[in-house]
Amino acid sequence: MTAALQPPLPSHPVLRLRLAPDGPPRSIDGAWWPRSYDLLTELPRLLAGLPREWGHVTNVTVNGATWAAGPGRMFVADQVVRLRRNVAASAPHTVVLLAPGRGRWDLLVVPPDTTEEAAEPLMAAAADAIGGGSPWAPDPIPPG
């Protein structure tokens with residue numbers, strides 16, 4: 001009997017991120033599908049996968065009701081990143097990234113427990129959204 005060789009598992013999970021192409025300003029600049037709501041684990045992966053042209057992200061704002069509690073700042077790639085939580089009941093399910101002198105980017109956060117079949121259309125729509133409007137309600141897919 002012949003055994004099929006399994007490829008080794010990657011040491012780092014593939015970043016599930018889809019960004020909109022450069023162009024006119026938009027309300028959503030792409031989508032991020034983290035594997036958990038543990039910001040200390042997920043944020044370094046996200047920041048490492050961003051385009052170099054975005055520069056060093058120094059401030060990150062997340063929906064405080066969604067993400068696990070954590071510190072007000074953390075080290076990522078030997079630099080300090082300030083973490084802020086939007087605690088408003090109507091806070092959008094986004095992550096806001098700020099890089100001084102470079103810009104601001106808003107990414108839709110697809111809940112970690114979303115199936116691939118449900119996540120793909122959300123991520124594609126986020127990358128294709130142009131202009132001022134956003135095609136999502138505040139909670140695109142309820143967790144659980």
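Index from 1, following the sequence.
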Set of residues satisfying salt bridge (Lys or Arg N to Asp or Glu O under 4.0 Å) with respect to R18, sequence neighbours excluded: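 By the salt bridge (Lys or Arg N to Asp or Glu O under 4.0 Å) rule, R18 matches E120.
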- prompt: So, does Q79 use its side chain to make a donor-acceptor pair with the main chain of T58 at under 3.5 Å?
  reply: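 Such a contact is absent between Q79 side chain and T58 backbone.
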task: Please say whether more than 12 non-hydrogen atoms of neighbouring residues, nucleotides or ligands are located less than 6.0 Å from CZ in R35.
output: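 Counting other residues, nucleotides and ligands, CZ of R35 exceeds 12 neighbours.
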task: Any salt bridge (Lys or Arg N to Asp or Glu O under 4.0 Å) involving residues 96-108? Give me the pairs, sequence neighbours left out, ordered by first then second residue.
output: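 The answer is R104-D106.
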Any chance you could measure [X], atom [atom1], to [Y], atom [atom2], to the nearest 0.5 Å?
{"X": "R73", "Y": "N59", "atom1": "CZ", "atom2": "CG", "value": "10.5 Å"}
{"X": "N86", "Y": "W67", "atom1": "CG", "atom2": "CH2", "value": "14.0 Å"}
{"X": "L97", "Y": "D29", "atom1": "CG", "atom2": "CG", "value": "9.0 Å"}
{"X": "L15", "Y": "L47", "atom1": "CG", "atom2": "CG", "value": "9.5 Å"}

Between [X] and [Y], which heavy-atom pair has the shortest distance, and what is it?
{"X": "P21", "Y": "A127", "result": "CD-O, 3.5 Å"}
{"X": "H93", "Y": "T66", "result": "CE1-OG1, 3.2 Å"}
{"X": "I28", "Y": "G30", "result": "CG2-O, 3.1 Å"}
{"X": "G49", "Y": "L17", "result": "O-CD2, 4.1 Å"}
{"X": "A31", "Y": "L107", "result": "N-CD2, 4.3 Å"}

Beyond-backbone contact of [X] with [Y], side-chain heavy atoms, under 4.5 angstrom:
{"X": "W33", "Y": "E116", "result": "yes"}
{"X": "L83", "Y": "V62", "result": "no"}
{"X": "P44", "Y": "V81", "result": "no"}
{"X": "V109", "Y": "P34", "result": "yes"}
{"X": "R85", "Y": "N63", "result": "no"}

- prompt: Could you go step by step and tell me if L108 and W32 meet the side-chain contact (heavy atoms from CB on, under 4.5 Å) rule?
  reply: CA-CA 6 Å; L108 173 77; W32 175 41; over 6 Å; no
- prompt: Going hydrophobic residue to hydrophobic residue with side-chain gaps under 4.5 angstrom, can you get from L19 over to V95?
  reply: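 L19 and V95: one cluster.
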- prompt: Do Y37 and L39 belong to the same hydrophobic cluster, where Ile, Leu, Val, Met, Phe, Trp and Tyr are linked whenever their side-chain heavy atoms lie under 4.5 Å apart, directly or via other members?
  reply: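 Cluster IDs for Y37 and L39 match.
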task: Assign the ring pair W54 / W105 to parallel, tilted or perpendicular, where the plane angle (0 to 90°) is split at 30° and 60°.
output: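 Rings of W54 and W105: parallel, under 30°.
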